[in-house]
Amino acid sequence: MISKSDNPKVLYGVLLGLAILAPLAIYPVFLMKVLCFALFASAFNLLLGYVGLLSFGHAAFLATGGYITGHILTQWGLSTELGIIFGTLAATALGYIFGKLAIRRQGIYFAMITLALAQLVFFLFVQAPFTGGENGLQGIPRGNLFGLISLQDNLSMYYFVLAIFIFGFALIQRTIHSPFGQVLKAIRENEPRAISLGYDVDKYKLLAFTLSAGLAGLAGSTKSVVFQLASLTDAHWHMSGEVVLMTLLGGVGTLFGPVVGAATVVSLQNYLAQGPLGSWVTVILGLIFVICVLAFRSGIVGEIQKFMRKNFE
Amino acid sequence: GQYSDDEIRVAYLADMSGTYSALSGPGGLEAAKMAIEDIGGSINGKKITIVSADDQNKPDIGANKVRQWIDVDNIDMVAGMVASSVTIAVNKVVEQKNKISLVSGSAASSITNEYCTPNSIHWVYDTYALAHGTAKAVVQEGGKSWFMLTADYAFGHALERDVEKVVQENGGEIVDKVRHPFPTSDFSSFILQAQGSGAQVIGLANAGADTTNSLKTASEFGITQAGQKLAGLLIFLNDVHSLGLKVTQGLQLTTGFYWDRTEETRAWSQRYFERTGRMPTMVQAGVYSSLMHYFKAVQAADTDETQAVLQQMRDTPVNDFFAQNGKIRIDGRMVHDMYLAEVKKPADSTNEWDLYKVLRTIPGDEAYRPLSESQCKLVQK
Amino acid sequence: MSQDFVLETQGLTKEFKGFTAVDNVNLQVQRGHIHALIGPNGAGKTTCFNLLTKFLTPTRGTILFNGKDITDTAPNQIARLGMVRSFQISAVFPHLSVLENVRIALQRKLGTSFHFWKSERTLNDLNDRAMELLTSVGLESYANTVTVEMPYGRKRALELATTLALEPELMLLDEPTQGMGHEDVDRVVELIKQVAVGRTILMVEHNLHVVSHLSDRITVLARGAVLAEGDYETVSANPQVREAYMGTAAEEDAA
Amino acid sequence: MTELLGIPPQVLFGQMLIGLINGSFYALLSLGLAIIFGLLNIINFSHGAQYMLGAFAAWLGLQYFGVNYWVALVLAPVCVAAFGILLERTLLRRLYREDHLYGLLLTFGLALIIEGSFVHWFGVSGQPYAVPESLQGGQNLGFMFLPTYRGWIIVASLVVCFGTWYMIERTRLGAYLRAGTENPQLMQAFGINVPLLITLTYGYGVALAALAGVLAAPIYQVSPVMGSNLLITVFAVVVIGGMGSILGSILTGLLMGLIEGLTKVFYPEASSTVIFLVMIIILLVRPAGLFGKEA
Amino acid sequence: MTSANRADYEQLRLADLHAFYGESHILHGIDIKVNRGELVTLLGRNGSGRTTTLRAIMNMVGKRTGSVMINGRETLDVPAHQIARLGVGYCPEERGIFASLNVEENLMLPPTVRSGGMSLDEIYDMFPNLYERRTSQGTRLSGGEQQMLAMARILRTGANLLLLDEITEGLAPVIVQKLGEVLTQLKNKGLTIVLVEQNFRFAAPLADRHYLMEHGTIVEEIQAHELQDKMDILNTYLGV
Ligand SMILES: Nc1ncnc2c1ncn2[C@@H]1O[C@H](COP(=O)(O)OP(=O)(O)OP(=O)(O)O)[C@@H](O)[C@H]1O
Ligand SMILES: Nc1ncnc2c1ncn2[C@@H]1O[C@H](COP(=O)(O)OP(=O)(O)OP(=O)(O)O)[C@@H](O)[C@H]1O
Ligand SMILES: CC(C)C[C@H](N)C(=O)O
Ligand SMILES: [Mg+2]
Ligand SMILES: [Mg+2]
């Protein structure tokens with residue numbers, strides 16, 4: 001582990017290898033779900049971990065991506081890639097609007113405005129004629145990639161999703177380590193100072209917010225294609241809460257934290273629910289979070305990093 | 001015969017912990033297990049296994065779960081299925097993967113109408129039957145003007161639509177309606193509106209906690225004393241049990257099953273009671289009945305191959321404690337008799353579960369939407 | 001124009017719910033000067049400062065920077081015009097390295113600050129200039145230190161270096177020596193003298209020792225209004241100023 | 001009969017009165033939240049669960065120990081507060097120095113545990129709780145029939161809310177509370193037992209939630225999920241009122257009840273959304289909420 | 001008369017006091033003794049641990065070991081909120097004015113710990129600025145006014161051992177002079193004062209003794225009358 005983390009390239013290589021081989025051992029649809037949520041949480045983390053903005057309305061982007069892609073694929077008969085691109089663009093645009101309204105507020109007020117906006121979006125999705133209300137938007141075709149490769153097969157779908165995830169993840173990684181990322185860091189550290197250095201911090205936050213929303217939308221679009229369904233669950237405030245949990249559980253402000261957090265939560269929900277502990281799932285999830293908050297506050301990845309730093313430096 | 005994996009694998013999907021869990025949930029799972037035990041744990045030497053999951057009334061969770069069951073666990077069929085929205089989503093997956101779903105919980109009549117599939121059977125009741133039972137009875141007793149209080153989602157919409165039609169056909173009218181968010185905890189302002197409308201009947205097109213809350217609130221605001229009548233369009237045994245007779249007495253309802261009706265129903269229900277400490281709702285009884293019918297079909301066809309079993313199920317009438325001469329139509333509707341019941345007065349009730357008086361049997365053909373009115377793609381016209 | 005004023009205020013006034021904190025102040029800061037704003041506690045110095053830097057909106061009055069009305073200009077715009085404030089509480093980016101702190105200030109001019117797809121390595125071109133600035137305040141050996149770990153006085157120096165990176169025409173300093181030990185005070189006085197070359201500085205300061213050593217011109221505020229103005233000798237000789245502010249301390253401190 | 005906006009005035013006033021009743025619950029709950037947030041800097045996500053516990057305590061008391069409504073009205077909040085105090089002493093206490101995100105997360109986890117356990121034990125279909133004998137029946141107000149019990153809710157919660165407000169804004173104890181919110185360490189240095197103050201405050205906030213729960217028991221079903229449905233709305237109320245503003249949370253609670261009531265007349269589908277719309281508008285116009293002080 | 005009123009009564013004694021913030025060890029064995037009616041100063045550079053010493057006395061640090069005797073009583077295990085009750089008044093470096101209280105509420109906030117504190121009128125006499133702004137929100141005061149308020153409010157409580165951290169910071173020279181007079185008065189009334197100061201010129205004429213701190217230890221104790229002789233030591237440590 002140590003030598004690997006010393007050299008991120010090796011680590012990335014190993015992870016990529018694992019990701020390519022994973023579907024041989026694990027149910028691909030489950031893996032795709034993990035990847036979608038990992039991307040969603042990573043997008044959220046870009047905002048919380050690197051700009052210090054807690055959005056409590058990220059479900060709106062996930063859902064917008066999903067619904068728009070679903071609508072396009074079922075009604076307009078466009079190709080899968082285009083459907084996903086349009087879904088992502090729609091979420092990006094929505095992110096821009098949310099950002100415009102919310103960015104001027106801070107802390108809990110920011111969180112509450114995003115929550116409120118997301119509630120309005122939820123209402124819209126309940127009422128709008130094309131979303132199927134409670135039933136959700138069903139029967140979204142997976143279609144063909146570039147008109148060639150059928151995505152009906154879980155394996156080819158998986159590699160497509162993996163490619164999307166890697167794209168999103170790489171974009172986040174690059175954003176953090178870009179000139180723009182530097183300014184974001186400065187803003188998080190000392191906002192008034194950044195202003196006095198002549199930075200229009202609202203614009204930077206807005207761009208970060210829009211990016212994050214767009215990537216969350218990408219996750220939602222992809223997810224709707226995988227599951228052939230877009231539903232209100234994705235738009236509900238519980239989803240906004242869940243992504244906070246995933247991110248914190250994995251480790252805020254760490255690159256891999258959200259991925260690990262998403263994998264953990266999704267696995268728990270998937271595998272615990274069918275065991276004998278079925279009706280205790282909520283209680284167990286609750287317990288895990290309580291324990292995490294009390295004992296592993298920096299999240300799984302955060303704690304591992306701390307441990308490494310302490311013991312190997 | 002041919003058996004996938006040399007086992008018969010069934011699944012039970014329901015709301016296990018949410019709003020509808022008391023009427024389906026773990027109790028339904030227990031009923032499913034009873035069915036497996038009663039058939040002997042195996043059929044033609046092939047072991048029966050069961051998996052179950054909580055769909056939390058969310059279409060995505062239900063559909064994903066079933067997809068995984070089919071892809072990974074190779075299940076042959078799924079039973080249970082409660083919230084209509086979940087059912088419609090699951091049925092799509094089941095159709096795509098050519099498996100079987102037996103729907104006992106859901107109400108929406110659209111499941112065998114515009115959303116029908118060749119792989120699903122709707123077992124216990126539907127909104128059409130509810131409308132043609134309760135609503136019709138109420139209109140015929142003179143409740144001509146209606147105010148509809150509807151849960152604002154697929155099931156409520158379906159019920160509202162079916163009831164409106166029945167009311168109008170029987171010479172009544174809908175004076176006003178209001179849709180409430182799902183779920184709602186406070187109904188006072190809706191009740192107030194209903195009161196203000198001056199309608200004779202307030203029709204509750206909702207279910208579970210929403211219905212019980214509406215009823216309580218209505219009693220608090222003295223609706224019945226002021227001369228208006230309530231029609232609970234979908235009421236389950238557990239609702240009446242938890243609300244108490246004092247609040248619910250006199251309420252008319254349509255049900256696909258009541259435990260204290262015949263020797264057979266009593267005998268089966270008694271067994272169920274011994275295992276769970278509660279009397280079964282129609283959904284829980286339906287889970288047993290539908291699975292049993294499935295098992296018998298597997299036995300007879302000596303395979304678990306989907307189309308063969310489905311064919312066998314359709315060809316055999318359903319005859320058990322739950323239904324007499326029930327038949328499975330091409331659109332997936334299992335047609336059987338329904339019952340119009342009335343909630344007893346506290347004085348007339350002899351024990352905790354002595355809750356209904358059955359007023360009338362509604363013959364299956366009258367209770368369910370005739371194929372001639374169907375929009376199901378499987379019905380040739 | 002006989003005199004060249006960098007900053008001018010006309011009738012600057014700030015009222016808080018019936019209380020006038022700054023009352024019709026006409027301030028003129030001459031180019032190249034170190035101009036000090038002093039006065040008793042509650043006189044309105046900080047408020048005045050906040051008005052100039054747009055952290056508060058004036059109730060009345062105008063602010064002119066290089067003759068241009070900036071009363072309604074946004075704070076980050078003002079910084080771009082060349083008027084930069086430093087903060088009373090040390091204003092650094094604590095978890096960035098010292099070098100990065102300065103680089104942030106340099107980076108904006110590069111015009112790539114919104115480029116989220118570029119590598120941050122592209123910023124290394126700025127390192128030389130950043131080092132120059134650090135050297136000018138004596139921090140070259142700290143370049144790679146994480147800023148939190150530096151002593152207080154050094155943070156002040158870093159803050160100045162960062163501010164200088166913007167090449168401001170006018171620097172506003174709010175109590176630059178507050179909370180410092182004697183050594184640090186002297187170092188900062190030296191530093192300010194250095195950086196003042198070719199610039200204008202407006203500062204609020206209580207330490208008369210600092211004021212007397214640095215300022216070319218002093219404005220004394222009391223109860224929100226200008227009480228006296230002039231160089232240190234003039235001001236400290238003013239009996240009103242002595243009564244309201246200096247007490248008998250003036251002679252000792254100026255020494 | 002004259003109509004206002006196409007609605008008979010009876011219906012309109014009736015709905016407003018109903019709104020006021022709901023508002024009373026919002027007020028009680030948001031008051032508790034505001035107090036806890038104020039002093040502990042913790043966004044108490046388990047507030048809904050504690051409200052539910054109050055209702056359940058009353059129900060269990062009646063069911064198993066024959067405790068009547070009036071006794072429950074006092075006893076249930078005390079018991080739930082005791083439970084809250086236990087949580088505060090053992091768990092929350094460790095988080096005061098952390099970002100309030102962690103408090104939110106912990107209490108969220110606790111809410112999951114509490115609600116999940118109750119769902120497991122009692123199922124979700126609500127348990128009935130009868131209106132106490134002495135408060136049955138109602139008054140015909142001319143424009144509507146007001147059940148006596150609902151009237152009682154308004155009176156009881158107004159008394160409790162304004163009593164609490166008075167205590168916090170006008171007494172010395174209140175000054176300690178407010179100051180302790182800002183700088184507990186310094187208050188400690190002045191000789192005030194801040195940990196005790198914090199514990200008691202948390203207990204009081206929880207007791208308010210539980211009291212609301214008991215008041216709610218007879219009109220809503222006593223169900224494990226009754227709190228989580230309400231919580232997010234109550235958060236909105238607190239924010240609209242201005243975080244930490246005591247008076248704000250009370251008045252906004254009542255006001256939002258009214259607005260919700262009116263929405264139910266004109267556009268019922270939106271009634272659970274309207275508060276959020278109001279929140280966005282308010283926060284854009286008055287960033288610190290209706291009664292909040294700008295930073 | 002009880003022993004507590006005798007002039008050589010030992011009011012505060014720190015012995016081998018160590019203090020920690022989390023894992024950082026800040027004080028490394030401090031020994032200080034202050035008698036009733038004395039005024040001593042703690043001098044030192046920024047970060048030398050003077051504030052921490054006062055906070056350690058108040059039990060406001062993470063962990064402390066050694067001994068802190070107040071009025072002859074060991075207080076190492078006394079909870080923070082009971083220390084003030086022993087007659088200790090603490091004026092923190094960062095002033096600690098409460099935004100949610102107005103000026104007068106701020107003044108009235110600390111509970112009286114002993115009789116004989118100043119009355120509100122006396123305080124307003126001493127700081128007329130405060131009287132003028134008494135209904136303003138505490139943190140709306142100017143920096144200097146806040147400093148006055150922080151000082152004033154502990155004079156009200158009747159505490160007879162005052163721990164004052166940088167009280168002249170940010171005050172106009174006239175006010176500083178006045179504060180000097182106040183401290184002299186208090187001392188004459190028999191109060192014991194521990195003063196942390198940057199402003200040596202202010203502290204020098206008031207103090208009976210000076211403790212010089214460096215890196216969390218006391219490096220030098222200087223009596224008032226030795227001051228002239230030891231100027232060079234001060235110079236090396238403080239750059240005065
Ligand atoms: N936001 C505000 N609301 C009300 N009054 C205010 C506000 N800000 C400042 N004041 C008042 O305005 C007056 C001037 O305050 P200011 O902070 O400008 O003084 P100052 O000259 O900087 O004093 P000091 O030297 O003590 O820092 C003070 O009496 C203060 O109480
Ligand atoms: N809360 C804290 N956590 C960790 N370290 C701290 C904390 N407070 C102070 N320190 C450290 O303890 C040391 C002593 O600080 P202290 O505040 O006692 O110094 P001081 O002599 O009062 O200096 P100053 O002039 O800055 O007030 C410093 O190195 C400081 O960084
Ligand atoms: C069990 C039922 C209450 C389910 C509900 N009627 C639905 O179909 O959605
Ligand atoms: Mg000031
Ligand atoms: Mg200090």
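Values in this document were obtained by computation on a predicted structure and should not be read as measured data. Excluded from the calculations below are hydrogen atoms, water molecules and symmetry mates; all remaining heavy atoms, backbone and side chain alike, are included. Order of the sequence lines sets the chain letters (A, B, ...), proteins ahead of strands, with each chain counted from 1.
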Can you list every pair that meets side chain to side chain donor-acceptor pair (under 3.5 Å) and has a residue in residues 285-307 of chain A, with sequence neighbours left out?
A:Arg297-D:Glu98, A:Ser298-A:Glu303, A:Ser298-A:Lys306
If you count heavy-atom pairs under 4.5 Å with chain A, which of D:Gly289, D:Ala236, D:Gly109, D:Ser272 comes out on top?
D:Gly109
Side chain / backbone / both / neither for A:Leu54 at chain D, heavy atoms under 4.5 Å
side chain
Using non-hydrogen atoms and a 4.5 Å limit, figure out which bit of D:Leu91 sits close to chain A: side chain, backbone, both or neither.
both
D:Ala270 versus chain A, heavy atoms under 4.5 Å apart: side chain, backbone, both or neither?
both
Cationic N near anionic O, under 4.0 Å, A:Glu191 to A:Lys205:
yes
Measure distances from D:Phe108 to the heavy atoms of chain A and classify the residue's part below 4.5 Å as side chain, backbone, both or neither.
side chain
Could you check whether the rings of D:Phe235 and D:Phe45 sit parallel, tilted or perpendicular, using 30° and 60° as the cut-offs?
tilted
In terms of ring plane angle, is the pair A:His238 and A:His236 parallel, tilted or perpendicular, where the classes change at 30° and 60°?
tilted
Does any backbone or side-chain atom of D:Leu283 lie under 4.5 Å from a heavy atom of chain A? Answer side chain, backbone, both or neither.
both
What residues, two or more places apart in sequence or in another chain, satisfy side-chain hydrogen bond (donor to acceptor under 3.5 Å, both in side chains) together with A:Ser55?
A:His58
Under 4.5 Å to a heavy atom of chain D? For A:Ile288 that would be neither
Relative to chain A, which segment of D:Ser228 carries a heavy atom at a distance below 4.5 Å: side chain, backbone, both, or neither?
backbone
Begin with the C-alpha distance, continue with both residues' side-chain angles, and end with the deciding distance and a verdict on side-chain hydrogen bond (donor to acceptor under 3.5 Å, both in side chains) for D:Thr199 and D:Glu88.
CA-CA 7 Å; D:Thr199 304; D:Glu88 193 276 334; 2.9 Å; yes
Is there side-chain contact between A:Pro258 and A:Met246, with heavy atoms separated by less than 4.5 Å?
no
Side chain from CB out, backbone as N, CA, C, O: work out which of these in A:Leu249 comes under 4.5 Å of a heavy atom of chain D, or both, or neither.
neither
Against chain D, label A:Leu248 side chain, backbone, both or neither, depending on which of its atoms sit under 4.5 Å from a heavy atom there.
side chain
